[in-house]
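If you're wondering where the values come from, they're calculated on a predicted model, not measured in any experiment.
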Amino acid sequence: MCDSMCKYPHMATNLSIDPKLLDKALEVSGEKTKKAAVTQALVEFIAKREQARVKELFGQLEWDGEYDFKKERSR
């Protein structure tokens with residue numbers, strides 16, 4: 001049933017998580033379940049790391065100053 005409702009596959013995982021951290025995550029996330037709080041924390045962790053990688057590219061890419069992006073939109 002989960003396959004039809006969720007876009008990602010799930011796997012059963014047993015983790016030993018510090019109860020104080022988990023309680024704090026529940027508190028600050030506003031989520032109702034531990035699973036939801038952990039899932040949200042992982043989503044935010046991944047997004048933050050991906051943003052950091054993109055940030056490292058600033059100043060490393062070469063731009064064509066004469067490229068007309070507005071002209072390309074009208075195609």
Next item on the list: Taking all heavy atoms of L26 and all of E31, pick out the closest pair and write down the distance.
Entry: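 In terms of heavy atoms, the two residues are closest at CD2-O, 3.6 Å.
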Check: Hey, is E27 close enough to K24 for a salt bridge, meaning N to O under 4.0 Å?
Finding: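 Salt bridge present between E27 and K24.
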Could you tell me whether [X] atom [atom1] has more than 12 heavy atoms of other residues or ligands within 6.0 Å of it?
X: D64; atom1: CG; result: yes
X: E62; atom1: CD; result: no
X: Y67; atom1: OH; result: yes

Next item on the list: Indicate if M11 and L15 have the same hydrophobic cluster label, given that clusters are the connected sets of ILVMFWY residues with side-chain heavy-atom separations under 4.5 angstrom.
Entry: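 Hydrophobic grouping puts M11 apart from L15.
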Item checked: In one Ile/Leu/Val/Met/Phe/Trp/Tyr side-chain cluster, 4.5 Å: L22, L42 ->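 Yes, L22 connects to L42 through the hydrophobic network.
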So how far is it from [X] [atom1] to [Y] [atom2], rounded to the nearest 0.5 Å?
X: D68; Y: R73; atom1: CG; atom2: CZ; answer: 10.0 Å
X: K34; Y: S29; atom1: NZ; atom2: OG; answer: 12.5 Å
X: K48; Y: Q51; atom1: NZ; atom2: CD; answer: 9.5 Å

